[in-house]
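Worksheet for the structure shown next.
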Amino acid sequence: MSGKGDNSKFQGNEQQKDVRSSNIVAAKAVANCVRTSLGPKGMDKMITSPSGEVTITNDGATIMGKMEVQHPAAKMLMDLSAAQDVEAGDGTTSVVVICGALLGASERLLSRGLHPSVISKAWQKAAAMSAGILEKCAIPVDLSDRKSIIQTASTSLNSKVIGGYSDFLAPLAVDAVLTVCEDVKSATTVDLDDIKIVKKMGGTLEDTELITDGLVLDQGCIKSAGGPTKMENCKIALIQFCLSAPKTDMENSVIVADSAQIDRIFREERRYILKMIKKILKSGCNVLLVQKSILRDATNQLSQHYLAKKNIMLCTDIERKDVEFICKSVGCKPIASIDAFEPEALGTAKSVIEDTSGNGKVIRISGVQNPGKAATILLNASNRLVLDEAERSLHDALCVVRCLVKKRFLTAGGAANEAELTHQLSKLAQSMQGVEGYCTAAFAEALEVIPYTLAENAGLHPIKIVTELRKEHAAGNAKAGINIKKGCISNMVEENVVQPLLVSTSAIQLATETVQAILKIDDIVPVR
């Protein structure tokens, strides 16, 4: 009887161990999946959707976002990658790899009888110490130092599929962010919604251009009725109503009995449209942008004919999400009804012209009144896969520059940060007493996964490279990292391989928080 009583004490603990172990195994499986994508020589993933759509990328956030997982703990890693993408924009693969390594370390500590709360508390302190160590190693940067910022953006692009074009695309990303940054000296963040990337098939990535004194619209103008395709000294209106005759409700219908009634309907329609055209003409508008309409045609043949007759340039199918961007760029206000069509709501530009870009048409608006409030990047590539990957890579580069606006410090790349943290935290762990020191040492060891993976993905001997890296950092060379191109250990700052401090600090902080959350879970409760 007493034996049965003793066993019952441990049944609950066994269940907790099983749940925790299941969570850790599932999360580690996801981390191992993206681990091969880390670094400039990392492998790419081909993601296929049920509809047959193919995506080729090595961007951690994209891979994690498109991955279908069932296990709730594995989904936490997807959220982690998305959080890093929002916070820093780069380091989305690193954060998942670090999280996987920390989970592996926690598994070993749990098997030795340590309590999850003890590990969690020690690692929270270790993450805080890591941020302090990185800040001491960081190099202050001035946003007027364009060269340093370009090097940072270039480091981000080098690890992408389009890394060969980093020297061309990095300056574009830097100039775009600095253009929309209101005050370079005092700004604390940049709204990347003020930078629009327009994708066009055809040409090469070298045909990509940055437009800062206007914008580019991803469609041609309406010229079926003989309307103009070029306009100088433009007064631009953006309307959110339809230039077509009103329709009945879906359930209703109009029954026309004779030809006299048909003529009357046509006359009324003509009168209705002419009234609107006269109001537009009176305001002085000569370029009309029309928001896309779902309920009925935004314009009809009659309105197109009258606009062409009055030499007014027409562009339809403006997306709702682009309205705010266009208004900011051109300086106009969206007009919701014909009664609100006043000269004060119009924007101005020197010229609006329909142009050919790649395999399609675009509308270029240039010479706006207040340039610098928004920027457009016109991205060209030979096929859809490269075009989509170029957009994702460029977004990461823009985010990296935004990181420098948020936190104006640079750190060495090439796993120099993680190697320095491993060295410094291991030294601190020796001076700590008891379990805390033991946990901190495990945390430090787990961070070594980044240099190890970086060397492994580059085809180098990981143990040899990591040993050399440890030796350099023990000698006090905090900027030493893995030089992928030369296959040796170099000073990363001298090699111009730098990254924002915010990318490293947020990766460690977010990874630690996720591991803490997973360790604290002792049961999974399904609900109906």
Side-chain angles (χ1 to χ4, degrees), residues 193-194 196 198 214-249 268-354 361-370 373-374 376:
D193 288 339
D194 292 342
K196 186 186 176 193
V198 175
L215 75 151
V216 170
L217 298 175
D218 185 18
Q219 64 253 40
C221 60
I222 302 292
K223 46 188 181 288
S224 56
T229 59
K230 186 179 179 182
M231 194 66 66
E232 300 288 333
N233 301 322
C234 309
K235 295 273 185 179
I236 303 166
L238 174 59
I239 62 170
Q240 295 178 304
F241 57 90
C242 298
L243 288 175
S244 58
K247 285 187 176 179
T248 60
D249 293 337
E268 286 297 327
E269 185 180 340
R270 194 178 291 116
R271 193 178 298 129
Y272 177 83
I273 287 170
L274 270 172
K275 187 183 175 186
M276 289 198 286
I277 301 292
K278 283 175 184 174
K279 182 93 174 176
I280 291 167
L281 270 173
K282 190 181 175 184
S283 69
C285 167
N286 56 6
V287 177
L288 196 61
L289 309 177
V290 186
Q291 187 182 314
K292 187 183 274 188
S293 173
I294 300 167
L295 298 174
R296 68 179 204 254
D297 296 335
T299 59
N300 61 11
Q301 286 185 334
L302 200 59
S303 60
Q304 288 171 21
H305 167 74
Y306 285 131
L307 288 168
K309 208 173 174 182
K310 299 297 180 185
N311 202 34
I312 294 173
M313 192 172 175
L314 176 65
C315 175
T316 58
D317 292 344
I318 302 293
E319 295 286 350
R320 175 70 191 88
K321 64 181 188 320
D322 294 333
V323 168
E324 191 180 341
F325 178 81
I326 293 168
C327 291
K328 201 168 211 177
S329 300
V330 180
C332 62
K333 293 175 186 172
I335 302 167
S337 72
I338 191 66
D339 298 325
F341 209 111
E342 300 295 337
E344 297 81 45
L346 305 184
T348 56
K350 283 182 182 173
S351 68
V352 177
I353 186 168
E354 185 184 68
K361 299 282 186 183
V362 293
I363 291 176
R364 292 176 182 270
I365 301 174
S366 50
V368 294
Q369 199 169 16
N370 298 312
K373 290 193 173 182
T376 309

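All values reported here derive from a predicted model rather than from experimental measurement.
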Sub-4.5 Å side-chain heavy-atom contact between Ile239 and Leu289: no
Validation row: Met231, Asn311 side chains within 4.5 angstrom (heavy atoms): yes
Which atom of Pro334 lies closest to which atom of Val323, heavy atoms considered: CB-CG1, 4.0 Å
More than 12 heavy atoms from other groups under 6.0 Å of CD on Glu342: yes
Pairing residues for Ile222 by the side chain to side chain contact (heavy atoms under 4.5 Å, CB included) criterion, not counting sequence neighbours: Ser224, Gln304, Leu314, Thr316
Residue pair Ile335 / Gln240, side-chain heavy-atom distance below 4.5 Å: no
Side chain to side chain contact (heavy atoms under 4.5 Å, CB included) partners for Cys285, two or more places apart: Ala237, Ile280, Ser283, Leu288, Phe341, Leu346
Residue list, side chain to side chain contact (heavy atoms under 4.5 Å, CB included) with Lys309, at least two apart or on another chain: His305
Residues Asn300 and Glu269: side-chain donor-acceptor under 3.5 angstrom: yes
Validation row: Arg320, Gln291 side chains within 4.5 angstrom (heavy atoms): yes
For Ser366, all residues meeting side chain to side chain contact (heavy atoms under 4.5 Å, CB included), sequence neighbours excluded: Asp213, Ser351
Main-chain N/O of Phe325 paired to Ser329 side chain as donor or acceptor, under 3.5 Å: yes
Ile273 to Leu243 - nearest heavy-atom pair and separation: CD1-O, 4.5 Å
Short N-O contact, Lys333 and Glu344, less than 4.0 angstrom: no
Atom CD of Glu268: over 12 foreign heavy atoms under 6.0 Å: yes
Any Cys234 side-chain heavy atom under 4.5 Å of Thr348 side chain: no
salt_bridge(Glu232, Lys350) N-O dist < 4.0 Å: no
Sequence-distant partners of Lys373, salt bridge (charged side-chain N to carboxylate O under 4.0 Å, His left out), two or more places apart: none
Option from Val216, Asp218, Asp194 for which side chain to side chain contact (heavy atoms under 4.5 Å, CB included) with Thr376 holds: Val216
Side-chain touch Ile363/Thr229, heavy atoms, less than 4.5 angstrom: no
Any residue meeting salt bridge (charged side-chain N to carboxylate O under 4.0 Å, His left out) with Lys361, in chain and number order, not counting sequence neighbours: none
Shortest non-hydrogen contact from Gln219 toward Ile318: NE2-CD1, 3.5 Å
